[in-house]
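From a predicted model like this one, the values you see are computed outputs, not experimental measurements. Chain A is the first sequence line, chain B the second, and so forth, proteins listed ahead of strands; every chain is numbered from 1.
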2 protein chains.
Amino acid sequence: MSTEPGTASYPSRSAELLWGPRGRAGRGPRPGLSRDQIVTAAIAVADRDGVDALSMRRVAAELRVGTMSLYRYVPGKAELLDLMLDQVSDPGPGRGPAAGADWRQVMADHARGSRDLYLAHPWLLQVNWCRPVFGPNTLAGVELVIAGLAGLGLTDRERVTVMIAIDSYVTGFVRNQILYSRAAEETGISDEEFWATQHPVLERAMASGDYPELAKLAEDSFNAGWEESFEFGLQRLLDGVQALVDARRRPGYRSGSTA
Amino acid sequence: MSTEPGTASYPSRSAELLWGPRGRAGRGPRPGLSRDQIVTAAIAVADRDGVDALSMRRVAAELRVGTMSLYRYVPGKAELLDLMLDQVSDPGPGRGPAAGADWRQVMADHARGSRDLYLAHPWLLQVNWCRPVFGPNTLAGVELVIAGLAGLGLTDRERVTVMIAIDSYVTGFVRNQILYSRAAEETGISDEEFWATQHPVLERAMASGDYPELAKLAEDSFNAGWEESFEFGLQRLLDGVQALVDARRRPGYRSGSTA
DNA sequence: CTGATCTGCGTACGGCGTACTCAGAAGAGT
DNA sequence: ACTCTTCTGAGTACGCCGTACGCAGATCAG
């Protein structure tokens, strides 16, 4: 409390908001607004106009309400972002793993689902969360993955670490994709224009001889689609996990390296 | 130029700054400052006080100079960030791959090097780069990895995609680590205090029965160190690449899945 | 009806990035 | 040596931001 608020949320406050009862004392006037309304409006603004356009004033305007009224429902912007994260992580009702799916399918589905989520709400990866506060919906996703890794002979810690690895890959990949492709509209410069400005610079760099291997690459080496690249890396990662699972089942096997 | 600047840099301007000649016309007074000085000072501020404390006024104060003077050397904050990225990516002189290292060692070294870099300069992952502009140093890192993947029977496009996958994993992992561990000092709350506030909430969630598999996990399943977790995931990913390399060498082999 | 309590929100403060503007220093041309 | 062009340094100001504070009025307990 003594330090400046900065961008960081106060985790215990966010936890209360995420898990706490939504009771209300019956003394004053009825609230004309709800926390969910505010969170929904904020998500709409962030989706439509980007995270830079997300401000308390903007959200209030969206709801035709005074700016400071928001603070009756949300302690501050950081906590609002925490709530946005959890609301958007809601998988919807009845979203479980297909009954007969093997672990690899479950992991791949989860990875693709996360990717879709991040692409639909790019601000998820652009915001500096003070610290990931676990909300009910976030936790439900974790449960699904951990359950999908049950019964494979992995230790509990390995299951958790595999989950982290997959999440890291997805997060990092989509972050890259967003930086490259979404930024086009933010700068008002199309992808073609961007590469048109970069191309001569790169040509000169290649001609300099400082990057011999890069210069030898075929022209279209960087032209794989995002979707295709994502799948490729994901399958490599899952292949590696597969090797570990096989090793646990056939104890004679040795992995390419220990960890 | 017609649109608002926002957070996005103007890529052609950044490219000129990164690659362009540093010539100066000899007419006016000598510049009392240099772009490198500004970039260095900005990096110092970001490292010391965090990315939120990085402002043009702050950098100017660091250099005991008027705020607007910075704009004689750097078009704006976004471009300054681009320059910071490239300066910090300088691997130093004579940093090549060890001569006899196999590809796996080269990839692992590169991954660990990136990780160290990101941990040393967390703002690298917290800033929303408008778009990754390739600077000389960034490009040198790419060259190293692509060279390390030569001669393995992979296509050019596969080499690029493997590189992206490794970079995605590293980026995503360290981002997570930073969010969890670095945020402690920003909120002024220690790791213990944070978990102390989260623990009862999680206990109640586990007791609710909504997360059966999570509840069954051993208590210390999440307690693996960052370093250990990073290595584990990295080795899994490299195992997967290994499988692809092996498949290319023994054409009869089939991967766990195609991509 | 009274008093406590809660909501909505206007005002204001300090900080941000940066456009504009101008004084004055330094070299070029004569 | 003088002028003119050009460049640097920087103060001021504008429109954003998050949010602390305080007040008017609505609502309900007693």
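- No donor-acceptor contact under 3.5 angstrom links the side chains of A:Asn176 and A:Trp226, judged on distance only.
- Between A:Arg175 and A:Gln126, the side chains place no donor N or O within less than 3.5 Å of an acceptor N or O (distance only, hydrogens not considered).
- Across all strands shown, B:Leu70 has no heavy atoms under 4.0 Å from either base or sugar-phosphate atoms.
- Between C:dC16 and B:Ser55, a contact under 4.0 Å exists linking OP1 or OP2 to a side-chain N or O.
- With salt bridges taken as basic N to acidic carboxylate O contacts below 4.0 Å, none links B:Arg57 and B:Glu62.
- Aromatic ring centroids of A:Phe230 and A:Tyr169 lie under 6.0 Å apart.
- In this structure, A:Arg58 does not reach the D:dC17 phosphate: none of its side-chain N or O atoms is under 4.0 Å from OP1 or OP2.
- Nucleotide C:dG17 holds its C1' atom 15 Å from the CD1 atom of B:Ile38, rounded to whole Å.
- Comparing B:Leu33 and A:Met68 by the nucleotide of DNA chain D that holds the closest heavy atom to each, the one mapping nearer the 5' end is B:Leu33.
- Distances were taken from every side-chain heavy atom of A:Met56 (C-beta onward) to each of C:dC22, D:dT19, C:dG17; the shortest belongs to D:dT19.
- Checked against C:dT7, C:dT18, D:dA10, the side chain of A:Arg72 finds its nearest nucleotide in C:dT7.
- Rounded to whole angstrom, the span from the NZ atom of B:Lys77 across to the P atom of D:dC16 amounts to 18 Å.
- Look at A:Tyr73 and you'll find a side-chain N or O under 4.0 angstrom from OP1 or OP2 of C:dG8.
- Within the 4.0 Å cut-off from OP1 or OP2 of D:dT8, not a single side-chain nitrogen or oxygen of B:Ser69 is found.
- Both A:Arg57 and A:Val65 lie near DNA chain C, and the one whose nearest nucleotide falls closer to the 5' end is A:Val65.
- Put simply, CZ on A:Arg30 is 12 Å from P on C:dT7, counting in whole angstrom units.
- Taking atom CD of A:Glu79 as the reference point, atom P of D:dG18 lies 13 Å away to the nearest angstrom.
- Summarising the geometry, the separation between CG on A:Leu81 and P on D:dG18 is reported as 10 Å, rounded to the nearest angstrom.
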